[in-house]
Amino acid sequence: MQNAVPISWYLILSAILFGLGVAGFIYRRNIITVFMSIELMLNAVNLTFISFSYKLRQVDGHIFSFFVMVVAAAEAAVGLAIILTVFKNRETLMIDDISSMKY
Amino acid sequence: MTLLDAVIFLPLAAFLIILALPKENFELIRRFSLGASVVTFVASLGLIGPYWFRNPGKFVFDTDLPWIASPPIHYHVAIDGISLWLVILSTLLTPICVLVSWRYIDKYVKQFFAFLLLLEFGLVGVFCALDFFLFYVFWEVSLVPMYFLIGIWGHERRIYSAVKFFLYTMTGSVLMLVGIIYLYNQSGTFDYPRILAGLQSGSIALSSQAQLLLFLAFFAAFAIKVPLFPLHTWLPDAHVEAPTAGSVMLASVMLKMGTYGLLRYCVPMFPAAARDCAGWIVTLAIIGIIYGALVAMVQPDLKKLVAYSSVSHLGFVVLGIASMNVQGVQGAVYQMLNHGVSTGGLFLLVGMLSDRRHTRLIEQFGGLKKVTPHLVAAFLLVTLSSIGLPGLNGFVGEFLILLGSFRSDVLGPRMTAFAATGVILSATYMLWMFQRVNYGVVTHEENRNLPDLDRREWTVIVPIIAMTVVMGVLPNLFLKPMAPSVDRVLSLIHREGSVRAEVRQRSGAGR
Amino acid sequence: MTALIFFIFAGLAVFCGINLVVQTHPIASALSLIGVMASLAILYLQLGGEFIAAAQMIVYAGAIMVLFVFVIMLLNAGAEGPSREGSRFAKYMGIVLLAAFLGLISFIIQAMLPASEGVVFGSFQGGTAAEVGRKLFTFYLLPFEVTSVLILIAIVGAIVLARKEL
Amino acid sequence: MTGSFNAIVPMACVTAAALAAMVAEAFREPGERLPIAGLGFIGLIGAAISAVLLWNHDVRSFGVVAADNFGLFVTLVLVVVGLLSIAISGPTIERERLPEGEYYALMLFAIAGMMLMATATDLLIIFLALEILSLAVYVLTGIRRASRRGTEAALKYFLLGAFSSAFFLYGVAFVYGLTGSTRLDRIETIASQPGSALPLVAIGLLLVGFSFKVSAVPFHMWTPDAYEGAPPAVTGFMSTGVKAAAFAAFARVFMTALAPLRDDWSSVLWVVAAATMILGTVVGVSQSSVKRMLAYSSIAHGGYLLLALLSANDVARGAILFYLLTYAITNLGAFGVIAVLETTERANDTVRDYAGLWSARPALAALMTIFLLSLGGFPPMAGFIAKWYVFSAAIKAGYPGLAIIGVLTSVVSVFFYLRIVVMMYMRDDGTPAVFPPVPALAGAALSISAILIFYLGILPTRVLTWAAASLITRF
Amino acid sequence: MNLWLIPILPLLGFLINGLFGRRLSKTMVSLFAVGSVALSFAWAVKTLFGLGALESKYVEHYFTWIQSGALSISVDFAVDRLTAVMLMVVTGVGLLIHIYSIGYMAEEDGYYRFFSYLNLFMFFMLVLVLAQNFLVLFVGWEGVGLCSYLLIGYYLLEQFATDAGNKAFIVNRIGDFGFSLAIFLIVRQFGSLDFSKVFDAAKGMPAEHSAGILTAVSLLLLVGATGKSAQIPLYVWLPDAMAGPTPVSALIHAATMVTAGVYMMARSAALFTNAPIAMDTVAIIGLATAFFAATIGLAQTDIKKVFAYSTVSQLGYMFLGAGVGAFSAGIFHLMTHAFFKALLFLGAGAVIHGLHGEQDLRQMGGLFKHMRITAITLLFASLAISGFPFTSGFFSKDAILVAAYAHAPWMYWIGVLTAGMTAFYVFRAWFLAFTGEYRGHAHPHESPLVMTGPLMLLALLSLGGGFINVPHWLEPMFAEKAENQALAWLSAGVGVAGIAIAYVFYVAVPGLADSFAKSMSGLYKLIYNKYFVDEVYSAAVVQPVVKGSRFFLWRGVDAGLIDGIVNGIGTRSRGIGGVLRLLQSGNIRSYAAWVVLGSVVVLLAIGFAGGAR
């Protein structure tokens, strides 16, 4: 197949998505969006795992990304709970407002 | 378990026991500390024995027990004729400090005396340790109680001074720590005699650059402790702010850790580097002598004056060590003791004055001779000893040091002449101070009814006076036991062929 | 065909990713994220990850994102207000760093796999539920059990933090 | 591939204790007091016993958990961390009326995760363990739900933690891609092939992930905020436990699997270690909150550990372990004092609040002094031996420059430890501060810590021998 | 022979009075003080008789004082002919002055203190004299300086007295600085400090080797001697030293201590004689001092100051003697000077005592009828110092001048001129005090016998002391020559002329002196103010040193520079810390940016380190 997409393109896609996640983390001001950016980064990592798995013809990568999903779920539960408590305390979700401790 | 171990650990035991004493019973605590320190002192006198009768010149009371298995760190202590006297100096001054603090310290009495004894433990340990690791431990152990003594019982700016003292000395000592570790990595041992033997035989091969760096690492620690110009500025602050006992221990014993370190470790281990640096060291020492004296002259504060005088006096000691010949080194050791006695005495007396008047400013005194004749008489004697009047202790040390430096190829006559101006200057500032404090008419009403020495203060000051006279008249009592050890150190210093032949001949003539 | 699918869904994923970053309303971002996930599921499928593609849709898009949306709704989070004083460092350095980071990673990937093979749909079929299950419960038994603890912690943690009374 | 289960017995004990704590809490009548902490003690002691029994047996389970001496030593350190943390948690739980069962359960879960992390020989397991302990600690950090600072700390810690986990995971993905495995032995095999193509990006990303967890500069930013906001017992717990676990894994990965590529990462680590030591101390100087100050001190201590890690010789392994142990005891002691001093009305957290502590609570002041001096590296406290060991390793490995930076920064750090000492002893003026009474359990824990500090400082031989014997097993 | 008893006895006196004097009655104090010196004198006499002609040195060894390497310094005492002279002078004159002091000090408080210091002085002086090596000599040397310091500052309520004490000690220290360097040089060169060893070695040195080193040693010793014996440029302390009680001025600052420099040079003659340059220097310094001090003495109005400058001047003579090689003449003059100068001071003391502390000549006059014994004894002393024929001064001074003539005639002429001035100002003082009308307000009275007795004894010695042929006695030690009767008479004549002029100025034509002074007011002022030397020293040395130390070294270098740097490091690092902590902005996004920054840096660095693998 001449026009097949090389595996590295998948990896670069994942890198782009990872970068977008990082950008979201840095540029978004809503905590929940920031948290979602992390999920985007994890997705990007998953794509990397799957791509490598394909290249290696192994199933292990799939299992790794499965674990990542589990971890993501757990993080989401805890993270959203933390966000809830923060919101209860401050009535805001703007990340710039959560900076009372500094220096 | 030798007598030396007992001398080292008695203060520690006393420290622990004091911690267990009830803190309200001041009298018990005081008496106990006095008793313990006196017992330690008496025990330490026993250490003279071997030096007096057989005088081996090598280390005696040698205890070498494994402490930490790997890396091989030993509890290795012993004394030779040099450390012997410094140990005795420490043990002598501790009971004196206990006595002088008897009434002055009225809060946290228990802790004060505990720290004092802990300090003694550290100081004695420093002078006995022959394992670098152990040495460093003692070195730092002595730092902490002194820090508290200054910081808790000191005067107005005590905190600044305590912290300054602590950081200054610690900066030096950590560099020494790096040096120690490096040396360990090269030699596989912390044992000082073994390292020395290795360096001597060449089995521990160090490049000359490494030697120089190691020398400087050790030197940094010791020079700060001495203190050598321009690293001295912690000293006036610490002295001024410390309580009397703290000042005394600091000046009399603690500064000697620096010079002792130079003499015991720094120079014998790296003689070539020492010789390379000798010019610089000597220059700094001489600057310190003159500078300390000049600055002392214009101090308005008694304690500060004495403190700067210490800078000057310790400059002499360094000079003696740097001259690397027998008179210089013996003089240096002797001057360490002298300075311990004289400056210790000065601090005691200044402490007594400031106890009475709650000020240390010279201008606040005047005319005391009429009010407190005995105190002033003692003051005079100690002052004279400090300015090196022949017949008193200071003279012998200064004489030997200057003689040594005069004959040394590093220094020579011209440098010595510079250094000797310190003798003139010391007379100037001490006598001027003495005049302003004691002579003339009483200018401040508060001074008119100051009490003279009481019994306790007599007890404190008499040993000092006795020592100044005995050490001045019979210096050989002290020089003879140390002589073989000094010779040993010198033979280490001059072990390499790099000494020019004529120089050796010249110093050989004097040996 | 494979290439086409890749380009369509890769493009969609990148678009949704960008949208996530650009949108100011969290719901929009959440929906974009779901879009990314869906696109990626297709790509997973293309790479032979049947099971993982399904899990992506069910677990990730289905469960996790629902949780997000739920919380957004619960907190009634609106669009971000006008930018307040935030971190200037982050604002200016961020884009530079990001570019540097991306460039580095891409360069390294290219350098690492200079002549990588093309992806052919169906050439790797180890990603079925059966394969995954077999390996998961033998070789990866311990990690699997460990995740149970992880989830337990998540539950306990969420309860501790979010429960009502006290 | 399952083999023996023995290697996971210690963490299983702790997990069981955690579950028991949860169950106990669930069945607790409102207002009833249960000795839940006791369950934790039992579990931890069980872990300790099993670890001791496993000593020298080099057991491994599932191919991914290695109960080698290195791991077991860290396990024991973690047991100590756990025991002390639980002991000093009492006052905070009492005062803040925290859910006791959940609190201890989370703490025990976190310890189990830490133990797993310390003994794992597979990057995936390390990642999972990392998540376990992180999630538990995030929750513990924010467990004072009503506290603005506590929740802010939890949020910061959580967001940044998750962010850096993603980096770490990305690194794992690259490692996997290049080696086809996440097992350290396999990675090492590949890494040691000449001209190995193990991607440097993988090393870099792993380094970032670990650096974040050990709060190395510039990945340390979360540390002061999280430490300040968390309850002091939790701060003590995470500054020691998380650090110990992370360092154990860090050391295991970099000193075995990636050791063949040492040339590639050593210079980076050099800079990171230097920056960490310097920044931790220098910024620590200008702090006024004790917790924050100790946070920066903890960053600096991380720097010393990095120095040992960088040295990567046989001395260094022992040094890391011994340092972790002494640091755990010392720092927990210090945070224990902080925890004891905190009241609902006053945080008693600024340096100034310590004025006159000596006259009010002499024993507490003495203990704090011991802890601080040990942190500063003063003989005959354990901290000195630890530091000395680290510098020894560094000099042996040919990093005298770093060692000098290390000793000098430790002087600077002494400056800020002394500020507290100064306040406690030397500033006696002003209104007498109100200090709460010391609970018996916490007091005992602190005293035992102090004794241990002296024990390790004066007679360290035994423990040093153990630490030195704890080589990371080659697979 | 137990030489040690000679110094130890006064030391015992010192200890007893010093420790218990406060509780003893004045009688007891005097008993111990004077008794100890008397015993010492007696023991000295007995010893000297026992030793006979002293053809060779008699040495007693006691113990090793300092043993350092090969250098061994022991405490030895020795007696030779030179020492014998000194012993007699010191103990004899000392005894007389002690006795005198009983009366003079009777009214002072701190009586015991005075006597204990005086006894201590005797101890150190005797140690100095008896010493058999340089270092023990140095002990005595500094010890007498100490006592001088203590006794000058005896009136310790007076600022100027204690100032003078400090000045004396410090200026002496400057001299001792040279002395100690000389000692070091001797040790380096000869390996010993023992007189016999050093001098034998020096004599045995070939001339071409010896000149340089011996010159250096001698010049350094000279520095010490100028300090102790108040020669240019270090004489400034002696006039001020008159702030002490008069017996002190007599004993220490006239008869004994200040002559120690001369003694020391005579003792080291073996070194000096082989160092011609040093000898010339000694002579020139001595001559210059003699001359300048005499000129200052012309215009002083304080009776003690007059005698003080005369002491400086006379010491200059002794230096001149030593410098021209006439050591025995120098010692001879030392002895006679001890007699007549002690007498002058004691007499002046009697006058002051009789006038209740008045020292200003302008407040005296016509005292002859009130205190005849004092006046007559003083007259004898004045004659002696003027070199009036057949008085003691005639013999000794002329011995020096004759020797000077043999060395260089111009020295002789200056010496003669000085002798004339000496006669003038001494008699000026005598005339002003005893003749004419009493100008003061006190009630003059004669002193008690305990004071006049010593005066009379000393008067006898001043008159007849010249017949003790010291040069002959010392001949075995110092080879000497030079006899010239004519020159002797000439200088005696000049002396008589000086007396005559004084008579004209102050008795025959009163008022002449004042108009003369007015006509040469510039010169007069210069002389009256002692050439402003103290002021110059103060402005050129003392003030710069003090101010420089205070403002430059202490405030500038110590507090400013060094502590500035140290504290600067402290504040700077705090400052750096303060800046670095600002990075910790509290904002999560910034933290994240840092993480990214770190990652990029790490990746780049690893990339570079790994050679972009």
Side-chain angles (χ1 to χ4, degrees), chain A residues 1 3-13 15-24 26-30 32-33 36-37 39-40 43 46-47 50-51 53-55 57-60 62-63 65-67 69-78 80-85 87 93-94 96, chain C residues 2-3 6 10 13-14 17-18 20-21 26 29-30 33 36-37 40 43-44 47-49 51-52 55 59-60 63-64 67-68 71-72 75 77 80 84 86 90 94 98 101-102 105-106 109-110 113 116-120 124 126-127 131-132 135-136 140 143 147 150-151 154 157-158 161-162:
Chain A
M1 288 273 268
N3 61 347
V5 181
I7 195 79
S8 60
W9 290 31
Y10 286 84
L11 293 172
I12 289 172
L13 172 65
I16 291 169
L17 289 176
F18 193 91
L20 282 171
V22 172
I26 294 179
Y27 284 102
R28 283 278 51 94
R29 296 196 297 281
N30 188 308
I32 297 179
T33 320
M36 285 191 285
S37 308
E39 296 297 337
L40 180 58
N43 267 292
N46 273 355
L47 179 58
I50 307 276
S51 312
S53 200
Y54 176 87
K55 173 174 167 277
R57 298 290 192 270
Q58 280 182 347
V59 77
D60 302 57
H62 297 235
I63 291 171
S65 49
F66 175 66
F67 281 129
M69 283 180 201
V70 175
V71 167
E75 272 187 358
V78 169
L80 289 170
I82 289 174
I83 291 171
L84 274 174
T85 59
F87 185 79
L93 284 175
M94 289 306 110
D96 295 337
Chain C
T2 336
F6 173 78
V14 172
I18 291 171
L20 187 156
V21 178
S29 297
L33 185 56
V36 176
M37 287 168 177
L40 289 183
L43 295 181
Y44 292 168
L47 290 166
F51 170 77
I52 213 70
V59 177
Y60 236 134
I64 299 178
L67 192 58
F68 271 90
V71 171
I72 293 168
L75 299 183
E80 291 170 8
R84 300 179 14 163
L98 206 64
F101 184 78
L102 270 181
I105 299 276
S106 310
I109 290 169
Q110 278 301 348
L113 306 163
S116 63
E117 52 164 342
V119 173
V120 182
F124 170 60
E131 287 294 325
V132 171
K135 198 120 194 211
L136 191 58
Y140 289 103
T147 50
L150 185 70
I151 289 167
L161 291 175

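Naming: A, B, ... by sequence-line order, numbering from 1 per chain. FYI, side chains are in, hydrogens and waters are out, and symmetry mates aren't considered; it's all heavy atoms of this structure.
Annotation: the span from A:Leu17 atom CG to C:Leu40 atom CG amounts to 6.0 Å, rounded to 0.5 Å. Atom-to-atom distance recorded for A:Ile32:CD1 and C:Ile72:CD1 is 5.0 Å, nearest 0.5 angstrom. Note that CZ of C:Phe6 is 5.0 Å distant from CG of A:Leu13, once rounded to the nearest 0.5 Å. With values rounded to the nearest 0.5 angstrom, A:Gln58 atom CD is found 12.0 Å from C:Glu131 atom CD. Here the CZ-OG1 distance, from C:Phe68 to A:Thr33, works out to 9.5 Å after rounding to the nearest 0.5 Å.
When all heavy atoms of A:Tyr54 and C:Leu47 are compared, the closest pair comes out as CD1-O, 3.4 Å. When all heavy atoms of C:Leu161 and A:Thr85 are compared, the closest pair comes out as O-CG2, 3.2 Å. Between A:Leu40 and C:Gly17, the shortest heavy-atom contact is CD2-CA, 4.3 Å. Listed here is the closest heavy atom pair of C:Val132 and A:His62: CG2-CB, 4.3 Å. Nearest heavy-atom pair across A:Val59 and C:Gly127 is CG2-CA, 4.2 Å. Across A:Phe66 and C:Leu136, no two heavy atoms sit closer than the pair CE2-CD2, 3.9 Å.
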Test side-chain contact (heavy atoms from CB on, under 4.5 Å) on C:Ile64 and A:Met69 and set out the steps. CA-CA 9 Å; C:Ile64 299 178; A:Met69 283 180 201; 5.5 Å; no
Dump the intermediate steps for side-chain contact (heavy atoms from CB on, under 4.5 Å) on A:Phe18 and C:Leu102, then the final yes or no. CA-CA 9 Å; A:Phe18 193 91; C:Leu102 270 181; over 6 Å; no
Could you walk me through whether C:Leu20 and A:Leu20 pass the side-chain contact (heavy atoms from CB on, under 4.5 Å) test, one step at a time? CA-CA 9 Å; C:Leu20 187 156; A:Leu20 282 171; over 6 Å; no
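For chain A, the nearby parts of C:Ala55 are the backbone and the side chain; heavy atoms of each come within less than 4.5 Å. For a residue to count as touching a neighbouring chain, one of its non-hydrogen atoms must lie under 4.5 Å from one of that chain's; by this rule C:Ile52 touches chain A with backbone and side chain alike. In this structure, chain A has a heavy atom under 4.5 Å from the side chain of C:Val36, while its backbone stays farther away.
For the set A:Leu47, A:Ile83, A:Asn43, the count of heavy-atom pairs under 4.5 angstrom toward chain C peaks at A:Asn43. Looking only at heavy-atom pairs under 4.5 Å with chain C, the residue among A:Ile63, A:Ile12, A:Val22, A:Ile82 that has the most is A:Ile63.
Scored by the side chain to side chain donor-acceptor pair (under 3.5 Å) test, A:Asn46 finds no partners at all (sequence neighbours excluded). Remark: A:Glu39 pairs with C:Tyr60 by the side chain to side chain donor-acceptor pair (under 3.5 Å) rule, at least two apart or across chains.
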